[in-house]
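Down below is the structure, laid out as structure tokens.
Convention: sequence-line order gives letters A, B, ...; per-chain numbering from 1.
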Amino acid sequence: MTGQTSFSEIEKRWQKKWADEQVFKTSSDPDRPKFYCLEMYPYPSGKLHMGHLRNYSIGDSFARYKRMRGFNVLYPMGYDAFGLPAENAAIKHKTHPEEWTRRCIADMKAQQSALGISYDWDRQVQSIDPEYYRWNQWIFLKMLEKGLAYKKAAPINWCPDCNTVLANEQVEDGKCWRCKHVVEEKNLEQWFFKVTAYADRLLEGLEHLEHWPEQVKVMQSNWIGKSYGTIIDFDVVDESGKKIDTISTFTTRPDTAYGITYLVLAAEHPKVLEWTGGTKYAEPVKSFISEVKKQTIIERTSETKEKNGEFLGVYFVNPVNGEKCPLWVGDYVLMNYGTGAVMAVPAHDQRDFEFAKRYGLPLKVVINPKDGHELNPDKMARAFCDEGVMANSGDFNGSESRDAIEEISKFLESKDWGKRTVNYRLRDWLISRQRYWGTPIPIIYCEKCGIVPVPYDQLPVTLPKDVEFTGEGNPLAKSESFTKTTCPKCSAPARRETDTMDTFMDSSWYFFRYLSPKMDSLPFDKKDSDYWMPVDQYIGGIEHAILHLLYARFLTKVLKDLGLTDVDEPFHSLLCQGMVTKDGAKMSKSIGNVVDPAEIMDRYGADTARIFMLFSALPEKELEWSDKGVQGAFRFRNRVWRLVDEAPETEAREHNNSDRQMISRMNRTIASVTGLLEDIRPSLAIGALMEFVNAIYKYREAKVHVDVHAELLENLALLLAPFSPHLSEEMWERLGKDGFISLAKWPESDEGRIDPEAEASDELVSSTASDICRVLELAKLDKPSKVRLFISDAWKYDFVRQLKQELEKTRDVGSILKSIMSTGLKVYGQEISKLVPKLAADACKMPAVVMDQDKEVAVLEENRATLEKQFGCPVELVRAQEAKEPKARQAMPGKPAILVE
RNA sequence: GCGGGGGUGCCGGAGUGGUCAAACGGGUACGGUUGAGGGCCGUAUGGCUUAGUGUCUGCGCGGGUUCAAACCCCGUCCCCCGCACCA
């Protein structure tokens with residue numbers, strides 16, 4: 001029972017020692033190789049969930065492993081502590097968000113400490129400290145100077161539940177990413193960061209991120225959404241053909257330019273009202289627009305929805321062929337992509353096709369399929385969107401449509417009718433939030449001087465305390481002590497900006513602050529950045545694939561451009577851990593399948609929880625929670641513990657076969673665990689350790705060699721240290737080792753001592769001797785007069801076949817055999833019961849053993865004395881017939897031969 | 001629709017051309033130990049069949065390449081994730 005009762009004390013004891021002796025404190029050391037291990041810093045909700053537990057178990061296994069491999073490991077922790085939940089809690093409980101947040105941080109930290117994660121707590125960073133957010137403000141001002149931060153009125157996403165605007169990236173499926181409330185569109189004046197200026201660099205950078213999951217790169221690339229196309233300008237004319245205006249459209253298919261039969265503008269397009277104003281079309285168009293605006297974003301973007309529109313009463317001239325076609329407004333055109341106007345080619349675009357069919361607009365085929373048949377516009381059931389051969393396109397007839405994209409673009413450019421261009425889906429990052437609990441945007445509004453940045457020496461602009469949290473409006477706006485100020489330029493009374501920054505700003509550069517957490521002249525020290533950056537291993541959930549990871553990459557590039565760092569990409573290797581699920585679904589309160597990590601840690605301890613987390617699935621895969629699985633991890637943990645807690649019988653002796661076998665086994669385990677950790681496969685590493693533990697138990701069935709046994713345990717403790725550090729420390733101490741195992745050197749495998757063949761045959765010899773004794777005992781046989789060991793380098797199948805033939809001759813095996821069978825002893829993966837019959841029947845009524853490797857004769861010879869002693873009779877070595885050379889060996893020389901049946 | 005990832009035993013999952021597919025763990029069954037339980041130890045666990053054994057099947061499905069395929073190629077079905085009226 002020792003194992004079960006002691007884990008709690010053991011874990012507490014070592015956590016205290018680690019803290020007291022500052023075992024995990026790090027500092028820059030240019031003479032040593034570094035490893036920066038980082039987990040996405042959490043929002044302090046106060047309680048760990050399984051996702052955290054998994055995240056930290058993975059991260060700590062890296063950090064500890066690298067530390068033992070001699071790296072100078074930076075492994076910090078902090079808290080992404082600004083944000084709405086704290087403010088909502090404050091409203092509900094009539095307290096201050098800071099109070100709530102600080103308490104949550106303390107609770108969370110306590111739980112993290114109880115997990116025994118090897119963080120350097122001296123570097124703790126939290127975004128709510130003015131010493132942190134002043135640098136948000138500092139960076140903001142720098143960006144303002146560079147024109148990367150700007151204010152403009154724009155249609156923005158408004159979450160009525162959170163009472164604030166949201167960035168594009170924070171709208172998922174037309175809903176708020178946090179509260180899932182349907183987002184509304186509003187037109188407000190807001191602060192933006194110019195991410196679009198970095199679109200190309202952000203896209204291009206992805207190509208060099210070799211150690212990022214493909215999925216994340218693809219998601220970011222799609223989000224940036226770079227597409228090459230052509231802007232085509234059209235003259236807008238009235239009924240009589242008189243030019244009244246121009247309009248531009250963006251297209252990726254200029255090859256279809258001759259097939260344009262109408263043009264559609266987005267409902268928000270300003271020209272729509274301009275052109276229809278005062279005409280008979282004004283009323284229907286206005287009511288159409290208001291209909292569109294009534295719809296939610298979800299309704300508008302629903303794929304199945306019918307496309308609606310109205311004719312605008314004006315026309316345009318297609319420059320390529322001089323055709324005059326109508327202009328429409330339609331709800332399927334988006335204002336915020338391209339130019340907000342689309343050239344419609346219903347024969348070759350499915351959306352245009354549907355719209356044209358609905359309103360009886362004509363189709364014009366300009367591309368025919370390559371198979372030679374000509375499309376009939378009246379009979380098409382859907383648009384033809386593939387590549388093909390040009391038709392009805394003037395000089396371009398007969399060209400491949402793929403080539404025509406280029407040719408027509410050049411033609412348009414040459415006539416000054418259009419221009420090739422690049423378009424992005426990415427929008428600028430809207431960073432204003434109308435909430436209290438965030439970084440105040442360091443701006444002052446002066447009636448005379450306009451928008452005035454807060455001077456650097458007045459940073460930080462701190463959050464006022466005299467604030468009431470009522471839930472209505474932005475509390476900052478009601479704090480006179482905050483809003484009332486003077487203009488830094490003219491000293492006239494002025495007013496502060498009351499918007500705060502998106503909390504994603506905090507998390508976009510925090511990993512730099514860890515490097516120099518106490519620096520007060522700059523956000524961080526470039527020297528530290530030169531040494532530590534980039535982060536070598538970043539670990540977090542896939543849910544941040546776009547939001548956080550894109551912003552962090554953006555900010556890093558900005559910081560680089562500001563000369564603060566030389567790194568261009570912050571995260572060298574990214575691991576997106578899989579979800580923790582239960583009963584096939586993500587753990588969530590609404591489903592009611594949540595398991596609290598605290599409970600598991602109380603019952604089984606941190607080591608067990610961590611082993612389970614790492615063993616049960618590869619880090620990037622989904623992990624299905626299993627109570628039984630945790631118990632399995634617990635059993636393993638206790639099985640290891642018993643190895644040190646219960647001493648085996650020892651013997652002073654020369655190394656025998658089982659000693660050599662274990663030494664080989666040990667070295668093989670070291671090699672494989674090391675390799676698996678390098679490959680980020682902790683689950684398999686733990687599997688290998690489980691096998692190793694099983695082997696040690698087997699070894700301990702007989703008397704063990706003291707030194708070998710000690711070495712086995714020592715290495716076991718070392719290999720387990722990244723996974724179950726408390727247990728390892730305790731083992732280390734019990735084994736009489738000095739210092740912390742956390743700082744010990746990772747074992748190296750001695751390849752020369754790995755000998756799989758010897759290992760296999762040794763196992764056979766050592767276990768077989770006792771096995772046969774037991775068989776004899778069970779079978780109530782008299783002492784045999786002789787034991788035969790069969791040696792064969794034949795494939796076992798061949799050997800079994802021989803046995804079978806022999807058996808056909810000798811049928812009388814008798815009840816003795818039955819007894820032997822019933823023991824089901826295993827030899828080399830093969831049931832002894834399958835092999836023994838023939839031998840036993842072979843007149844001498846003796847059990848025997850089959851060996852697999854001819855080469856092991858020497859080993860057997862060596863062990864013959866032992867065996868003879870055990871059996872009390874002579875042992876004879878018998879060589880089995882050579883196997884036939886398999887065909888395969890001739891076919892593929894150099895490769896191992898296999899059995900061809 | 002586009003993009004990414006997957007389909008292996010009762011379950012979680014190993015194995016991505018070659019030494020009898022299923023390591024490791026879990027579940028289940030039986031046996032041992034134990035006052036009982038738990039724990040621990042051992043054995044079994046694709047189908048059919050045997051006293052031993054044999055035999056068939058088998059890595060979503062169908063083809064193909066190869067002396068050899070879960071693995072490579074082609075086709076097909078299904079599942080998960082992300083994006084989506086992006087012109």
- Query: Which parts of nucleotides 24-30 of chain B does protein reach within less than 4.0 Å, heavy atoms only, written one letter per nucleotide 5' to 3' as B for base, S for sugar-phosphate only and - for none?
  - Reply: BSSS---
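A 3.5 Å limit on both hydrogen-bonding distances identifies B:G12 as the Watson-Crick or G-U partner of B:C24. Across all strands shown, B:G54 is found opposite B:C48 as a Watson-Crick or G-U wobble partner, with both distances under 3.5 Å. Base-pair partner of B:U19: not found among the strands shown (Watson-Crick or G-U wobble, both distances under 3.5 Å). Here B:G1 sits opposite B:C83 as a Watson-Crick or G-U wobble pair (both hydrogen-bonding atom distances under 3.5 Å). B:G42: Watson-Crick or G-U partner is B:C30, with both key distances under 3.5 Å. B:A68 is unpaired under the Watson-Crick or G-U wobble criterion, no partner having all donor-acceptor distances under 3.5 Å.
Distance NZ (A:Lys307) to P (B:C85): 10 Å, rounded to an integer number of Å. Look at NZ on A:Lys621: it is 16 Å from P on B:C11, rounded to the nearest Å. One can place CG of A:Leu684 at 10 Å from C1' of B:G15, the figure rounded to the nearest angstrom. Regarding A:Asn308, its CG atom lies at a distance of 12 Å from the C1' atom of B:C85, rounded to whole Å. A:Met335 places its CE atom 16 Å from the P atom of B:A87, with the value rounded to the nearest Å. As a whole-Å value, the separation of A:Trp177 CH2 from B:C83 P is 14 Å. Computed from coordinates, the A:Tyr424 OH to B:A87 P distance equals 14 Å when rounded to whole Å. Remark: C1' of B:C2 and CD of A:Gln350 are 15 Å apart, rounded to the nearest angstrom.
With distances taken from any side-chain atom of A:Arg425 to the nucleotides B:A14, B:C40, B:A84, the minimum falls on B:A84. Out of B:C85, B:A87, B:G4, the shortest distance to the side chain of A:Ser227 is found at B:A87. Comparing atom distances between the A:Met219 side chain and each of B:C40, B:G82, B:A84 picks out B:G82 as nearest.
In this structure, CG in A:Asn308 is found 4.5 Å from OH in A:Tyr359, a value given to the nearest 0.5 Å. Atoms CG and NZ, on A:Leu549 and A:Lys217 in that order, are 13.0 Å from each other to the nearest 0.5 Å. Remark: A:Ser724 OG to A:Phe7 CZ distance equals 13.5 Å, nearest 0.5 Å. The CD1 atom of A:Ile367 sits 4.5 Å away from the CG atom of A:Asp255 when rounded to the nearest 0.5 Å.
Two residues, A:Ile546 and A:Phe250, neighbour RNA chain B, and the one matched to the more 5' nucleotide by heavy-atom proximity is A:Ile546.
Under the 30°/60° scheme for interplanar angles, the aromatic rings of A:Tyr332 and A:Phe355 are found to be tilted. Using the six-membered ring where Trp is involved, A:His548 and A:His544 have ring planes that are perpendicular, over 60° apart on the 30 and 60° scheme.
Note on A:Arg427: nothing from the nucleic acid sits closer than 4.0 angstrom, heavy atoms only. Within 4.0 Å of A:Leu623, counting heavy atoms only, lies no atom of the nucleic acid at all.
Phosphate contact (OP1/OP2 of B:G82, side-chain N/O of A:Lys217, threshold under 4.0 Å): absent.
The ring-ring contact (aromatic ring centres under 6.0 Å, His included) search around A:Phe316 returns A:Phe234, not counting sequence neighbours.
With C1' as the reference atom, B:G62 and B:A69 are 15 Å apart, rounded to whole Å.
A donor-acceptor pair under 3.5 Å links the side-chain atoms of A:Lys364 to the main chain of A:Tyr258, judged by distance alone.
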